[in-house]
Number of protein chains: 2
Amino acid sequence: MKRKEEAAAMATVTDPLGACNNATLRKAARRLGKLYDDALAPSGLRATQYVLLAQTAALGTPTMAELARSLLMDLSATRHSLGPLIRDRMVKVRVDANDRRVKRVSLTAAGEARFVEAGKLWRQVQDHFERAFGAARAARLREELSVVASDAFEDALSSE
Amino acid sequence: MKRKEEAAAMATVTDPLGACNNATLRKAARRLGKLYDDALAPSGLRATQYVLLAQTAALGTPTMAELARSLLMDLSATRHSLGPLIRDRMVKVRVDANDRRVKRVSLTAAGEARFVEAGKLWRQVQDHFERAFGAARAARLREELSVVASDAFEDALSSE
DNA sequence: CATTATTGCTGGTATATGCCACTATATGGT
DNA sequence: ACCATATAGTGGCATATACCAGCAATAATG
């Protein structure tokens, strides 16, 4: 048995989930989530909330469904996550003029200001991470993760 | 401007979070989580629950804290996640003989059986993913994610 | 040995996320 | 116009996950 395989076999005993793509991904997500959450804490925003604001700002005044889709999130989950932000008047939701089924999400002035504030903290933690991990390496990692998350890959999986 | 940078600039408009390591990781986690969840559904276990059972089995009869640490999870979160599994008699929790503060977690016979059943489904979805993504590529990705999740990296970040 | 600090866990509360059932609105075909 | 479908959101419920404030038991210290 080659040395690498030996090491892998050994690792399996210690860490039987080391081979599970999902388990590994979640562990990393917990760690990184905490890093970003902590960094953003002074702004009063969680990392997820920051992402919601960022995506809303980026898309203009997206519909709930557009927002959800762009984040690969369940529509209902998106709505629920928006809850605290709506309550705290960071975002507002209005019925679309042309289609009354549709709700459009947008930042309030307060939301905009908060987002800008949090943006500085985001920049810091993002840089901090990339200094430690390597910017190019991080870019490659994101690239791979984007593939996993892509619709194209999803299709490839299901069409098999 | 080189073509690659152009593409990156363009992507920023469409996807302003494409550069956020955390956002990218979460998106991938949602996708992959759903893939594994769906695959395990016939067993009645969520992917996270499967991971809890697997880790418990692997560690023998770990304490709550050991289980939490091994999954990089909050102790309280671990306890709460264990809730449904305890309720459904998949795992049991007992006070340690030597230290009455400590609770030791172990699989029941039913939990063991369920774990084995789910293991087959896990194998299938794991293989399915790796056929589509590439086994070596998946291994590399896990490797990188493990670094992000590692204590060593955590230390490197905080000591900076 | 009494006091203090530490450790391990529990419970409450809050957000994150997903599924499902349901409602409201549009739309397409007859 | 009318009905069948499809689309967009809402609300309820369940799990996932974290923080914090206790509480209990052990370890450390003088």
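Everything numeric in this text was worked out from a predicted model, so none of it was measured.
Among Leu67(B), Val95(B), Asp96(B), the single residue meeting the side chain to side chain contact (heavy atoms under 4.5 Å, CB included) criterion with Lys103(B) is Val95(B). Val105(A) pairs with exactly one of Leu82(A), Thr78(A), Leu52(A) by the side chain to side chain contact (heavy atoms under 4.5 Å, CB included) rule, that one being Leu82(A).
Contact between the side-chain N/O atoms of Arg100(A) and the OP1/OP2 oxygens of dA24(C) is not found at any separation under 4.0 Å. Note on Arg87(B): a side-chain N or O is less than 4.0 Å away from OP1 or OP2 of dT15(D). In this structure, Thr48(B) reaches the dA16(D) phosphate: one of its side-chain N or O atoms is under 4.0 Å from OP1 or OP2. The shortest distance between the side-chain N/O atoms of Arg30(B) and the OP1/OP2 oxygens of dA16(C) is not below 4.0 Å.
Closest non-hydrogen pair, Arg26(A) versus Gly33(B), comes out as NH1-CA, 4.1 Å. Across all their heavy atoms, Leu59(A) and Ser70(A) have their closest contact at CD1-OG, 3.8 Å. Summarising the geometry of Phe153(B) relative to Val147(B), their closest heavy-atom pair is CB-O, 3.1 Å, with the distance given to 0.1 Å.
Between the C1' atom of dG18(C) and the CZ atom of Arg46(B) lies a distance of 7 Å, rounded to the nearest Å. In this entry the distance linking CG of Leu71(B) with C1' of dA16(D) reads 13 Å, nearest Å. Taking atom CD of Gln49(B) as the reference point, atom C1' of dG18(C) lies 13 Å away to the nearest angstrom. The nearest whole Å value for the distance from the CD1 atom in Ile86(B) to the C1' atom in dT15(D) is 14 Å. Put simply, CG on Asn22(A) is 18 Å from P on dT15(D), counting in whole angstrom units. A straight line from CZ of Arg94(A) to C1' of dG9(D) spans 17 Å, rounded to a whole angstrom. For the pair Leu82(A) CG and dT15(C) P, the computed distance is 13 Å after rounding to whole Å. Computed from coordinates, the Lys27(B) NZ to dA16(C) C1' distance equals 17 Å when rounded to whole Å.
Within residues 33-41 of chain A, no residue places a heavy atom under 4.0 Å from DNA chain C.
Around atom CZ of Arg131(A), more than 12 heavy atoms belonging to other residues, nucleotides or ligands sit under 6.0 Å away. Applying the 6.0 Å contact sphere to CZ of Arg123(B) captures more than 12 heavy atoms from other residues, nucleotides or ligands.
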Using side-chain hydrogen bond (donor to acceptor under 3.5 Å, both in side chains), reason through Glu130(B) and Asn21(A) one step at a time and then give a plain yes or no.
CA-CA 9 Å; Glu130(B) 302 212 338; Asn21(A) 301 294; 3.2 Å; yes

Could you walk me through whether Ser81(A) and Gln49(A) pass the side chain to side chain contact (heavy atoms under 4.5 Å, CB included) test, one step at a time?
CA-CA 8 Å; Ser81(A) 294; Gln49(A) 301 180 326; over 6 Å; no

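Where Asn98(A) and Ala47(A) each meet DNA chain C at their nearest nucleotide, the meeting point lying more 5' is that of Ala47(A).
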Summary of protein contacts for nucleotides 2-12 of chain C, nucleotide by nucleotide, where a base hit scores B, a sugar-phosphate-only hit scores S (4.0 Å, heavy atoms):
----BBSBSBB

